S.K.: 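The structure's right below; bear with me while I get my questions together.
In this text, all values refer to a predicted model and were calculated from it rather than measured experimentally. A, B, ... follow the sequence lines: proteins, then strands. Residue 1 opens every chain. Computation of the quantities below employed the complete heavy-atom set of this structure, encompassing side-chain atoms and omitting hydrogens, waters and symmetry-equivalent molecules.
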Protein chains: 2
Amino acid sequence: MRRITDRQKQVLDYICDFIDEHSYAPSIRDIQKHFGLKSTKGVKDHIDRLVEKGYLNRTEGTARALRVVRDGKKAIKKIPLVGTVAAGLPILAEENIEDYLPVSADMARIKGMFFLRVNGDSMINAAIMDGDLVLVRPQPFVEQGEIAVVRIGDEATVKRFFRFKTRVELRSENPNHKPIVYRDEDEDVRIVGKVTAVLRILE
Amino acid sequence: MRRITDRQKQVLDYICDFIDEHSYAPSIRDIQKHFGLKSTKGVKDHIDRLVEKGYLNRTEGTARALRVVRDGKKAIKKIPLVGTVAAGLPILAEENIEDYLPVSADMARIKGMFFLRVNGDSMINAAIMDGDLVLVRPQPFVEQGEIAVVRIGDEATVKRFFRFKTRVELRSENPNHKPIVYRDEDEDVRIVGKVTAVLRILE
DNA sequence: TTCATAAGTAAACATATGTATAGGAGGGAG
DNA sequence: CTCCCTCCTATACATATGTTTACTTATGAA
């Protein structure tokens, strides 16, 4: 892939960030404003060159129809590992970002996704083992019995989530662990998100 | 989430499909043409209602700024399971689609991703077990030692991929299996893609 | 110096696109 | 029946947006 100038890289980065944040591409004037330029021409030139050099796709004459070409290297994106979650007893899930992990940008296009490291073996029968990283998509609900990251007060845990008429159950996948039951709203139980993948960074 | 009419669902589905295909949202007139309507008003009304009912997000006054609100149900997308791949001896990987699997639409926004079911235990130490589904992002290269789906002739396998000066090695993650070595180009060895996730459909 | 390229200003232009106004046909509920 | 909603046609309007032409400034290579 041909080299690009620093300025072109800045523009490209901004386009990427904008798409990540808005889920749609910036207009030329969005970019213009961001860089404080007084003409659209400069932006147009940069985009033309980024397209020529293969860093962008474009549907001409169409609004906000820029697409970033991921080239395998750029497809690697840093996703925050926001802490450790207990798969056994619910222990504290640090809200601080411990680290950033390289992941396919394709998998991380949704803003707000994050990794949690699972401690313990309570989900062993679901093949989530100690040390595994679960990719979490934040959402306030899951289907019955889906594996969810659930927060109880300041603690978090990964469990199968069941909601019944009068109670919520967090079930382990380990015969040695009994379900954790919360009756109605007498506990601050909140679904953080759904576990969408189990990831092992193998190298 | 409030109910929507059949027609509204058709519109919503089209918007989803359009975004999947183009990576940017359709304009009102794109939708109008698709349904053969003779006015933009009907489309506008449908979108207004889909926004009201929480199925769509919109930035008003901005072109192609529709975003689909994934609600857990809609976040499920059908990804083709294109066959079975051996993690032990390389056996035939059927190119036929066996089935479609429900997966987070977020993870499947990139066109061309697919699942392979892994047979055998040669990658057991990488925690890829018999029957696991690996999500593959097609790409013609991987970094040294990454786990890749590799095709040799009409067969496919999941292995750690190493490229050296004079040979290619496919290494198992099982002490009982020896590396498979291909010297230079005397074999049709081609990387199909990188394993980006290990997935277990638990329910 | 001369030439090429990168980067930008200024001013328009053409069209893509969201939005609005006015109204009609049909169906279901009260 | 009347009222309300869905779905649609027809016609504009306002603006968001991509594109173009002409020119300027700075930098570095030949």
S.K.: Calculate, to the nearest 0.5 Å, the distance between atoms OG1 and CG belonging to A:Thr59 and A:Leu66 respectively.
M.R.: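 A:Thr59 OG1 to A:Leu66 CG: 8.5 Å, rounded to 0.5 Å.
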
S.K.: Write down the distance between CD1 (B:Ile28) and P (D:dT11), rounded to a whole number of angstrom.
M.R.: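 The distance from CD1 of B:Ile28 to P of D:dT11 comes to 19 Å, rounded to the nearest Å.
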
S.K.: Can you check side-chain contact (heavy atoms from CB on, under 4.5 Å) on A:Phe35 and A:Val11, steps first, answer last?
M.R.: CA-CA 9 Å; A:Phe35 288 98; A:Val11 173; 4.1 Å; yes

S.K.: Report for the helix from C:dT1-D:dA30 to C:dG30-D:dC1: angle between first-end and last-end helix axes, five pairs each, rounded to 10 degrees.
M.R.: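 Here the local axes at opposite ends form an angle of 30°.
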
S.K.: Distance check, rounded to the nearest 0.5 Å: A:Ser172 atom OG versus A:Ile180 atom CD1?
M.R.: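 Answer rounded to 0.5 Å: 6.0 Å.
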
S.K.: Let me spell it out: for each of B:Gln8 and A:Asp30, pick the nucleotide of DNA chain D with the closest heavy atom. Which residue's pick is nearer the 5' end?
M.R.: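 Checking each residue's closest nucleotide, the 5'-ward one belongs to B:Gln8.
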
S.K.: List in numerical order all residues of residues 31-47 of chain A for which some heavy atom is under 4.0 Å away from an atom belonging to DNA chain D.
M.R.: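 Listed by number, they are A:Thr40, A:Lys41, A:Lys44.
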
S.K.: So does B:Arg160 pair up with B:Glu146, basic N to acidic O under 4.0 Å?
M.R.: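 B:Glu146 and B:Arg160: not salt-bridged.
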
S.K.: I'd like to know if A:Glu169 and A:Arg167 make a salt bridge, using a cut-off of under 4.0 Å between side-chain N and carboxylate O.
M.R.: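 Salt bridge present between A:Glu169 and A:Arg167.
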
S.K.: Check salt bridge (Lys or Arg N to Asp or Glu O under 4.0 Å) between A:Asp48 and all other residues, then give those that pass, not counting sequence neighbours.
M.R.: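 In terms of salt bridge (Lys or Arg N to Asp or Glu O under 4.0 Å), with neighbours along the sequence ignored, A:Asp48 is linked to A:Lys44, A:Arg58.
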
S.K.: Mark yes or no for whether A:Gln8, through its side chain, and A:Thr5, through its backbone, hold a donor-acceptor pair below 3.5 Å.
M.R.: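 Between the backbone of A:Thr5 and the side chain of A:Gln8 there is a qualifying donor-acceptor contact (under 3.5 Å).
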
S.K.: A:Ile15 CD1 to D:dG18 P: how many Å, rounded?
M.R.: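 After rounding, the gap between these two atoms is 11 Å.
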
S.K.: What verdict does the side-chain contact (heavy atoms from CB on, under 4.5 Å) test give for A:Glu173 and A:Met123, after you've listed the backbone C-alpha separation in whole Å, the side-chain angles of each residue and the deciding distance to 0.1 Å?
M.R.: CA-CA 4 Å; A:Glu173 278 280 4; A:Met123 296 302 286; 3.9 Å; yes

S.K.: Tell me whether A:Ser27 contacts the main-chain N or O of A:Asp30 through its side chain, where contact means a donor paired with an acceptor under 3.5 Å.
M.R.: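 Yes; at least one donor-acceptor contact below 3.5 Å.
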
S.K.: Contact boundaries of DNA chain C with chain A (under 4.0 Å, heavy atoms), 5' to 3'?
M.R.: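 Using the under 4.0 Å cut-off, the span is C:dA6 to C:dT17.
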
S.K.: Look at the side chain of B:His46 and the backbone N and O of B:Gly42, then say whether any donor-acceptor pair between them is shorter than 3.5 Å.
M.R.: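 Pair found, side chain donor or acceptor close to backbone of B:Gly42.
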
S.K.: B:Arg29 has an atom CZ; how far is it from atom P of D:dT11, in whole Å?
M.R.: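 That distance rounds to 14 Å.
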
S.K.: What residues, two or more places apart in sequence or in another chain, satisfy salt bridge (Lys or Arg N to Asp or Glu O under 4.0 Å) together with A:Lys33?
M.R.: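 Expected list: none.
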
S.K.: Students often mix this up, so state it plainly: with edges at 30° and 60°, are the rings of A:Tyr14 and A:His34 parallel, tilted or perpendicular?
M.R.: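 Judged by the thresholds at 30° and 60°, the geometry between A:Tyr14 and A:His34 is parallel.
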
S.K.: How long is the line joining CG of B:Leu12 and P of D:dC7, in whole Å?
M.R.: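 The answer, rounded to whole Å, is 13 Å.
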
S.K.: Test A:Phe162 against A:Leu170 for side-chain contact (heavy atoms from CB on, under 4.5 Å), laying out the working first.
M.R.: CA-CA 6 Å; A:Phe162 290 86; A:Leu170 308 181; over 6 Å; no

S.K.: May I ask you to verify if any side-chain N or O of B:Arg49 is less than 4.0 angstrom from the OP1 or OP2 atom of D:dT6?
M.R.: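 The answer is yes; a side-chain N or O of B:Arg49 sits under 4.0 Å from OP1 or OP2.
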
S.K.: Of all of residues 58-65 of chain B, which get a heavy atom below 4.0 angstrom from DNA chain D, listed by number?
M.R.: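 Those residues are B:Gly61, B:Thr62, B:Ala63.
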
